[in-house]
Asks: 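The following block contains the structure, expressed as structure tokens.
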Amino acid sequence: YALSGVDPAFPGANRPGTVGVFVVPFRHPSQPPGAPPVTTSETLGAVARHLARAVGPLGARVVAAAPRYEEVRIEATLSVSPGADPVAAERAARAALDLWLNPETADWRIGATLRHADLTHVVLDADAGIAAVPFLAVTLDGIGFPACADVALRRFSLPWPGRHRL
């Protein structure tokens, strides 16, 4: 993720001549699977040096940083079709949300907005037995938002799936 005129050390400031690069590393086998991937300072320095030499605009300052991860928990009510397995539908919805909210497997922009309609479609498309989602609300880093609300991530942040309540 690269942003022109951005230096993560100066949030909110326009920094002409600077390119801020946010690095989401491949997960090392020693890192726990339920936590966001960790970027080392050595990796950040190597990425910044490589980009500045190989592809960075001449004279630009390239700064590499790790994004902030915000825990996203979804609370939703699922309406299951008659004859469908509610346990399988819940598992499928939970897995689909985890996959969709994971920046290692999904294409997220830094500071994106979690759109209620998109989240609802993720749940509906997870299993043929899910007929409707009459209630869906987002909790972001422990802060609850009203049902049906679009929720913006903080600047320089990416989502990370939390424990959903379905």
Side-chain angles (χ1 to χ4, degrees), residues 1-4 6 8 11-12 19-41 43-44 46-47 51 55 64-166:
Y1 304 94
L3 300 172
S4 178
V6 168
V19 177
V21 177
F22 294 89
V23 179
V24 178
F26 288 110
R27 179 177 302 283
H28 189 274
S30 67
Q31 292 179 344
V38 177
T39 308
T40 66
S41 58
T43 299
L44 295 174
V47 167
L51 292 175
V55 296
R68 181 181 190 284
Y69 295 97
E70 294 192 64
E71 182 186 50
V72 179
R73 288 191 344 238
I74 303 301
E75 183 176 345
T77 303
L78 309 181
S79 178
V80 180
S81 301
D85 181 353
V87 174
E90 179 186 338
R91 278 193 201 123
R94 189 177 311 279
L97 285 166
D98 286 349
L99 188 66
W100 192 74
L101 290 166
N102 186 334
E104 293 176 303
T105 56
D107 187 19
W108 283 99
R109 285 183 354 276
I110 292 285
T113 296
L114 303 171
R115 304 223 180 271
H116 177 266
D118 295 339
L119 288 161
T120 301
H121 281 287
V122 167
V123 174
L124 285 170
D125 294 343
D127 188 273
I130 300 174
V133 184
F135 174 86
L136 189 143
V138 174
T139 298
L140 194 61
D141 275 351
I143 299 170
F145 291 86
C148 303
D150 292 344
V151 179
L153 297 172
R154 292 181 190 102
R155 185 176 171 110
F156 308 148
S157 293
L158 290 171
W160 188 259
R163 293 181 53 122
H164 312 299
R165 291 181 46 190
L166 306 176

Asks: Enumerate the residue pairs fulfilling side-chain hydrogen bond (donor to acceptor under 3.5 Å, both in side chains) with a member in residues 80-92, sequence neighbours excluded, ordered by first and then second residue.
Replies: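 Residue pairs passing side-chain hydrogen bond (donor to acceptor under 3.5 Å, both in side chains), neighbours aside: Glu90-Arg94.
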Asks: Quick one: list whatever passes side chain to side chain donor-acceptor pair (under 3.5 Å) with Thr43, sequence neighbours left out.
Replies: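 Thr43: side chain to side chain donor-acceptor pair (under 3.5 Å) contacts with Thr40.
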Asks: Test of understanding: with side chain to side chain donor-acceptor pair (under 3.5 Å), list the residues that count as partners of Thr105, not counting sequence neighbours.
Replies: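 Thr105 satisfies side chain to side chain donor-acceptor pair (under 3.5 Å) with no other residue.
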Asks: Could you tell me the separation between the CG atom of Leu101 and the OH atom of Tyr69, rounded to the nearest 0.5 Å?
Replies: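 Reported value, rounded in 0.5 Å steps: 13.5 Å.
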Asks: Going by the ring pair (Phe, Tyr, Trp, His ring centres under 6.0 Å) test, which pairs reach into residues 110-130, not counting sequence neighbours?
Replies: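 Qualifying pairs: none.
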Asks: Can you pull out every ring pair (Phe, Tyr, Trp, His ring centres under 6.0 Å) where at least one residue sits in residues 70-91? Sequence neighbours excluded, please.
Replies: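 Pairs touching residues 70-91 that pass the test: none.
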Asks: List for me each residue that meets salt bridge (charged side-chain N to carboxylate O under 4.0 Å, His left out) alongside Arg154, sequence neighbours excluded, and say none if there are none.
Replies: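 Here the qualifying residues are Glu70, Asp141.
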Asks: Using the salt bridge (charged side-chain N to carboxylate O under 4.0 Å, His left out) rule, collect all pairs that involve residues 105-122, keeping only residues at least two apart or in two chains.
Replies: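 Pairs touching residues 105-122 that pass the test: Arg115-Asp150.
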Asks: For a quick test of reading the model, state the closest non-hydrogen atom pair linking Ala65 to Pro8 and the distance between them.
Replies: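 Residues Ala65 and Pro8, closest heavy atoms: CB-CG, 3.5 Å.
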Asks: Looking at every non-hydrogen atom in both residues, tell me the closest pair between Asp98 and Gly162 and how far apart they are.
Replies: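 In terms of heavy atoms, the two residues are closest at OD1-O, 4.0 Å.
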Asks: Taking salt bridge (charged side-chain N to carboxylate O under 4.0 Å, His left out) as the cut-off, I'd like each qualifying pair that reaches into residues 121-138, sequence neighbours left out, listed once.
Replies: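 As it turns out, there is no salt bridge (charged side-chain N to carboxylate O under 4.0 Å, His left out) pair with a partner in residues 121-138 once direct neighbours are skipped.
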Asks: I'd like to check the side-chain contact (heavy atoms from CB on, under 4.5 Å) partners of Val23; sequence neighbours left out, ordered by chain and number.
Replies: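 Val23 satisfies side-chain contact (heavy atoms from CB on, under 4.5 Å) with Val21, Thr39, Leu44, Val47, Ala64 only.
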Asks: Counting N and O atoms only, with roles assigned by atom type, does the side chain of Trp160 sit under 3.5 Å from a partner on the main chain of Gly34, one being a donor and the other an acceptor?
Replies: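 Yes, because the side chain of Trp160 sits within donor-acceptor range (under 3.5 Å) of the backbone of Gly34.
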Asks: Could you measure the distance from the CZ atom of Arg68 to the CZ atom of Arg155? Nearest 0.5 Å is fine.
Replies: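 Arg68 atom CZ to Arg155 atom CZ measures 14.0 Å (nearest 0.5 Å).
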Asks: Working to the nearest 0.5 angstrom, can you tell me the gap between Trp108 CH2 and Ser157 OG?
Replies: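 Answer for the CH2-OG pair, Trp108 versus Ser157, is 12.0 Å.
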Asks: Who pairs with Glu104 by salt bridge (charged side-chain N to carboxylate O under 4.0 Å, His left out), at least two apart in sequence or on another chain?
Replies: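 With sequence neighbours excluded, Glu104 shows a salt bridge (charged side-chain N to carboxylate O under 4.0 Å, His left out) to Arg27, given in chain and number order.
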Asks: Shortest non-hydrogen contact from Leu140 to Ala152?
Replies: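 Smallest heavy-atom distance, with atoms named: CD2-O, 3.7 Å.
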Asks: Could you give the side-chain donor-acceptor pairs of residues 128-137 under 3.5 Å, partners two or more places apart or in another chain?
Replies:
none

Asks: Can you name the side-chain contact (heavy atoms from CB on, under 4.5 Å) partners of Leu97, sequence neighbours left out?
Replies: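 Only Ile74, Leu119, Val122, Val123, His164, Leu166 meet the side-chain contact (heavy atoms from CB on, under 4.5 Å) criterion with Leu97.
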